[in-house]
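Report on the following structure.
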Amino acid sequence: MVQLYGKQFSSRMLIGTALYPSPAIMQAAIRASGAEIVTVSLRRETAGGRVGSNFWELIRELDVAVLPNTAGCRSVQEAVTTAELARELFDTPWIKLEVIGDDETLQPDPIALVEAASILIKDGFEVFPYCTEDLTVAQRLRDLGCKVIMPWAAPIGSARGIVNRDALKLMRARLPDVTLVIDAGLGAPSHAAEALELGYDAVLLNTAVAKAADPVAMARAFRLAVDAGRTGYEAGLMGPRDFASPSTPVVGTPFWHAVS
Ligand SMILES: CC(=O)[C@@H](O)[C@H](O)COP(=O)(O)O
């Protein structure tokens, strides 16, 4: 079970609702993923007129929690206004806070992110900030009251997987009490497994499933990978070594400790 602001979920995968070839495939893929939380871009859906119409009906049929996001916002004010609209529309204190700083990489703006998170938390929001792997920024967000933090694996839509593994390992080690979700840049099920093996609590992804040749099969593959990664983490992974160690050292003693 993973805990997000006091709510328990059995799935460790959150999934986006954009870019699918059709509404029916979106629904089938989300079902196949086993995700219990979907993220919805308020700006995109309201601009396209989807919220409140057919799109919202499709989401409702899935019977999942909705995590509205501020995708596309580029300033503190824009993000705060979007979050307020989302709270009204979706009747939830949850907001996935995204403030883009760089148009080419869609890299989050850490300064605006911290400022917007501070405003929103004071206003009663439960903030899920999308950030880079920078530890200090994550610590600032935690200190403000973020109980969930969502560092990227790689730029949104890049499918590159975990680029800065060491920094993400460090963040996990230094923020043991925060629910950490890898968000963005995962391209293959093995990337998701790696995130869970590192001890991350969950992953959020969209493009890799929506743009797969078979989104429903890919959603299932990610689901299995998330389960495998978490099971491996809980089983206690052995650390890598710089030297060889024979796995059958002595004939007749198959167990690593003496058995009487
Ligand atoms: C940060 C953000 O908006 C994510 O929800 C994103 O959509 C997921 O990233 P990928 O599309 O790379 O999986």
Side-chain angles (χ1 to χ4, degrees), residues 4 11-21 25-26 29-30 33 35-48 50 59 64-74 78-79 82-83 86 90 94-110 112-113 116-117 127-134 137-138 141 146 148-164 168 180-196 200-212 215 218-219 221-223 225-226 229:
L4 302 167
S11 168
R12 292 178 179 271
M13 179 171 163
L14 292 74
I15 194 161
T17 54
L19 303 174
Y20 294 88
I25 292 176
M26 178 193 79
I30 292 171
S33 75
E36 296 163 290
I37 302 171
V38 296
T39 182
V40 174
S41 161
L42 191 78
R43 283 165 58 92
R44 189 176 50 235
E45 305 313 339
T46 48
R50 292 213 283 172
I59 299 294
V64 289
V66 173
L67 172 60
N69 69 57
T70 64
C73 292
R74 287 175 163 72
E78 217 181 350
T82 304
F90 295 103
W94 283 10
I95 190 76
K96 184 164 105 70
L97 181 61
E98 202 178 314
V99 190
I100 296 304
D102 178 61
D103 283 339
E104 204 171 306
T105 59
L106 301 178
Q107 176 158 337
D109 175 339
L113 182 71
V127 177
F128 297 59
Y130 167 62
C131 56
T132 64
E133 64 280 89
D134 187 283
V137 170
L141 291 164
C146 292
V148 181
I149 296 179
M150 310 178 90
W152 68 356
I156 297 170
S158 69
R160 293 178 64 194
I162 292 177
V163 171
N164 198 341
L168 289 172
L180 291 178
V181 180
I182 297 274
D183 175 10
L186 299 178
S190 57
H191 300 158
E194 184 182 4
L196 275 292
Y200 275 73
D201 296 286
V203 292
L204 190 158
L205 58 111
N206 190 158
T207 310
V209 168
K211 293 287 200 182
M218 187 60 78
F222 268 97
R223 177 185 194 158
V226 166

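Counting starts at 1 for both ligands and their atoms, following the listed order. Reckoned from all heavy atoms, side chains included, excluding hydrogens, waters and symmetry mates.
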Which ligand 1 atoms are under 4.0 Å away from a heavy-atom of [X]?
| X | value |
| --- | --- |
| Glu98 | 1 (C), 2 (C), 3 (O) |
| Ile156 | 1 (C), 2 (C), 3 (O), 6 (C), 9 (O), 12 (O) |
| Leu205 | 13 (O) |

Heavy-atom neighbours of Arg74 CZ exceed 12 at 6.0 Å:
yes

I need the nearest protein heavy-atom contact for [atom]: residue, atom name and distance, please.
| atom | result |
| --- | --- |
| atom 12 (O) of ligand 1 | Gly157 N, 2.7 Å |
| atom 8 (C) of ligand 1 | Asp183 OD1, 3.7 Å |
| atom 10 (P) of ligand 1 | Thr207 OG1, 3.6 Å |
| atom 7 (O) of ligand 1 | Asn206 CB, 3.9 Å |
| atom 9 (O) of ligand 1 | Ala184 CA, 3.2 Å |

What about Ala71: any of its N or O atoms under 3.5 Å from an N or O on ligand 1?
no

Less than 3.5 Å between some nitrogen or oxygen of Tyr130 and one of ligand 1, yes or no?
no

Measuring from atom CD1 of Ile156 to atom CD1 of Ile100, what distance do you get when rounded to the nearest 0.5 angstrom?
4.5 Å

How many angstroms lie between CG in Leu14 and CD in Glu36, if you round to the nearest 0.5 Å?
9.0 Å

Would you please determine whether [X] falls within less than 4.0 Å of ligand 1 on a heavy-atom basis?
| X | answer |
| --- | --- |
| Lys96 | yes |
| Leu204 | yes |
| Gly16 | no |
| Gly185 | yes |

Quick one: does any side-chain atom of Ser158 pair with a main-chain N or O of Ala154 as donor and acceptor, under 3.5 Å?
no

Backbone N/O of Arg12 and side chain of Asp201: donor-acceptor pair under 3.5 Å:
no

On a heavy-atom basis, which atom in Ala192 and which in Val226 lie closest, and how many Å separate them?
CB-CG2, 4.0 Å

Quick check: do Phe90 and Val40 have side-chain heavy atoms less than 4.5 Å from each other?
yes

Kindly determine whether Val181 and Tyr200 satisfy side-chain contact (heavy atoms from CB on, under 4.5 Å), including the steps that lead there.
CA-CA 6 Å; Val181 180; Tyr200 275 73; over 6 Å; no

Residue of the set Thr70, Asn69, Asp183, Thr39 for which side-chain hydrogen bond (donor to acceptor under 3.5 Å, both in side chains) holds with Lys96:
Asp183

